[in-house]
2 protein chains.
Amino acid sequence: MAALSPPYLLFLGDSDNPLSIKIARGLAHWRPELCIGETGGELSLGLKKMTPAQGARAGAKTFIVGLANGGGYFEPSWVGPIIAAIEAGMDIASGMHQKLSDHKEIRQAAQKHNVSLHDIRHTAAAPPLGTGVPRSGKRLLTVGTDCSVGKMYTALAIEKAMKQERLDVDFRATGQTGIFIAGGGIPVDAVIADFIAGAVEQLSPPADPGHWDVIEGQGSLFNPAFAGVSLGLLHGAQADILVMCHEAGRTQVKDMPGFPVPTLKDCIDTNLHLARLTNPAVKLGAIALNCRVLGAERADKHCAALSEQFAVPCFDPLLHGAGALAESLAGKEE
Amino acid sequence: MAALSPPYLLFLGDSDNPLSIKIARGLAHWRPELCIGETGGELSLGLKKMTPAQGARAGAKTFIVGLANGGGYFEPSWVGPIIAAIEAGMDIASGMHQKLSDHKEIRQAAQKHNVSLHDIRHTAAAPPLGTGVPRSGKRLLTVGTDCSVGKMYTALAIEKAMKQERLDVDFRATGQTGIFIAGGGIPVDAVIADFIAGAVEQLSPPADPGHWDVIEGQGSLFNPAFAGVSLGLLHGAQADILVMCHEAGRTQVKDMPGFPVPTLKDCIDTNLHLARLTNPAVKLGAIALNCRVLGAERADKHCAALSEQFAVPCFDPLLHGAGALAESLAGKEE
């Protein structure tokens with residue numbers, strides 16, 4: 001995917017379901033400096049409200065259709081605002097299954113006004129096959145005990161904290177929301193199965209010896225549907241550091257009745273064991289504990305106990321940030 | 001993919017490279033009763049030579065383009081024989097990357113003569129996501145220490161031996177050659193990454209308690225490019241029995257410099273450990289040792305030693321057949 005041109009105008013659609021604007025919310029939270037305003041109906045992210053024409057005049061270069069609906073297609077009520085944005089000269093970026101270029105009116109308007117259409121879910125070119133050849137530079141991968149435990153949030157919190165430590169770091173996105181936030185990336189769960197590891201090798205190319213890629217993990221090795229994606233990602237990443245993400249109190253794998261969440265120890269051991277295939281020096285760097293069901297006080301206690309047990313920093317990225325890990329990585333750099 | 005209609009006329013193309021007809025050779029070896037003849041140039045599989053028109057008169061229902069070339073496209077010299085087969089009323093099945101229906105002349109001829117075009121590499125419908133829900137019936141999966149160690153050959157040898165023991169068994173194909181031999185299947189390395197395990201669940205549906213599916217494995221958990229496919233396959237298969245395939249004397253992973261072939265013990269332990277996620281009762285059933293670099297005598301010794309070490313039958317499927325395993329599985333049925 002070509003990089004998106006900022007700044008962005010975020011399209012929030014006309015639903016009143018806050019979950020429908022999850023992607024736009026991630027973008028506004030992690031990249032506020034790239035978001036010039038919002039347009040849509042009832043929902044708001046607290047940005048300045050503007051029409052597509054107003055957004056273009058304010059300097060917006062890309063109109064973001066960062067919406068989620070059941071079918072993954074453009075709802076008829078969205079087409080007017082998308083066309084208006086095209087007529088105002090903006091590129092369009094979408095996370096829908098339906099391609100922008102497969103929608104006749106949108107395609108024709110884009111041709112007429114010479115703007116680009118970016119379909120985040122659809123990779124432009126076939127990635128190469130994986131090679132396992134070691135790459136220069138350093139890599140950190142967030143892995144997890146389950147889906148939806150905060151692997152993207154953790155990776156972004158780590159990138160932010162590492163930047164504060166003046167480390168040379170890039171967030172590498174592997175999912176839809178992350179790709180919008182990074183302005184590029186590869187949706188690894190949407191590539192052809194043979195190319196999972198190769199896609200991640202491409203996503204995180206050789207770099208300066210002191211440079212870090214913080215790679216967003218997907219799924220879990222203990223998820224009966226998605227473990228293949230997680231293993232390909234683990235091998236392709238050649239991570240030097242794994243950060244294990246877990247949600248305190250979760251006992252069952254999401255949407256998979258009968259599958260318990262593994263213990264942290266099992267999950268860490270299995271990830272390290274399999275990761276050694278492409279980076280024998282891989283280490284656990286931290287545990288990111290999503291503590292939303294604990295209070296702040298219990299969160300601190302839990303994190304302290306896990307930090308002692310596993311001899312690495314343990315933090316809730318939302319409550320504590322990732323400074324403890326970033327400091328230890330910066331210390332290793334000196 | 002819809003099932004192919006036998007009997008088949010095998011198209012051998014016009015190359016003189018024996019590797020180009022690998023798929024046709026597999027079909028002629030494992031399903032001679034389905035192959036009515038061959039057509040092509042210099043190469044031969046020892047079947048009766050006939051033109052497409054002669055093949056149709058002899059009863060051939062499907063013309064098999066089981067060829068391999070560099071680009072995966074139809075060479076100009078192949079189009080004449082394919083059109084002739086269509087005009088003679090045969091369906092066409094192809095393993096090329098290029099789709100039959102994307103070739104204008106072939107598509108138009110098929111429409112005119114009302115025959116079916118089967119593109120083995122392209123799955124018709126998106127498979128479901130995996131669920132991990134236990135399925136009735138029994139399953140055996142061939143796994144391996146590397147690619148190209150004989151996982152398909154071993155699975156077919158086991159199916160054959162189990163049929164001789166009058167067990168109720170189906171070979172389930174996951175790769176191109178296997179799909180031609182089975183007349184159906186799912187090319188798991190060509191599905192979207194999210195659906196690997198789901199595709200294998202679909203390929204091997206719930207069955208009678210005494211029924212066996214013998215599922216063709218792909219890749220290896222120790223291959224830095226393809227392990228994701230292997231793990232998704234392992235989870236989707238929910239195998240009761242794993243058969244570990246290995247090539248005696250191979251020390252380096254194929255096409256992956258710097259990656260040693262794992263020890264049999266490591267590879268068996270890792271496969272069993274990860275397979276337990278979806279079938280806690282999974283066991284090693286046998287070791288299939290490809291002994292092509294040993295003589296027959298050394299092969300016997302090696303197999304005997306491994307059989308003793310791992311306490312399961314060990315055989316070269318080409319030299320010994322898979323009778324020892326089939327007998328033990330039949331014994332468990334009594």
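Below, read A as the first sequence line, B as the second, and so on, with proteins coming before strands; counting in each chain starts at 1. Everything numeric in this text was worked out from a predicted model, so none of it was measured.
Closest non-hydrogen pair, B:Gly130 versus A:Ala225, comes out as O-CB, 3.4 Å. In plain terms, the two heavy atoms of B:Leu221 and A:Leu277 that are nearest each other are O-CD2, 4.1 Å. Nearest heavy-atom pair across A:Pro224 and B:Gly132 is CB-CA, 3.9 Å.
Contacts with chain A were tallied for B:Gly258, B:Ala193, B:Gly232; B:Ala193 has the most, counting heavy-atom pairs under 4.5 Å. Note on B:Leu231, B:Leu129, B:Val133, B:Val229: by heavy-atom pairs under 4.5 Å with chain A, the leading option is B:Leu231.
In this structure, A:Ile192 and B:Ile192 have side chains that are in contact, with non-hydrogen atoms separated by less than 4.5 Å.
Contacts of B:Leu234 with chain A are absent, with no heavy-atom separation under 4.5 Å from either backbone or side chain. The part of B:Val188 that comes within reach of chain A is its backbone (N, CA, C, O), which places non-hydrogen atoms under 4.5 angstrom from that chain. With a 4.5 Å cut-off on non-hydrogen atoms, B:Ile196 touches chain A through its side chain but not through its backbone. B:Phe222 touches chain A through backbone and side chain together, each having a heavy atom under 4.5 Å away.
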Would you enumerate the inter-chain donor-acceptor pairs between chain A and chain B whose distance is below 3.5 Å?
unit_1, atom_1, unit_2, atom_2, d
A:Asp189, O, B:Asp194, N, 3.2
A:Val191, O, B:Ala193, N, 2.8
A:Ala193, N, B:Val191, O, 2.8
A:Asp194, N, B:Asp189, O, 3.2
A:Thr270, OG1, B:His273, NE2, 3.4
A:His273, NE2, B:Thr270, OG1, 3.4

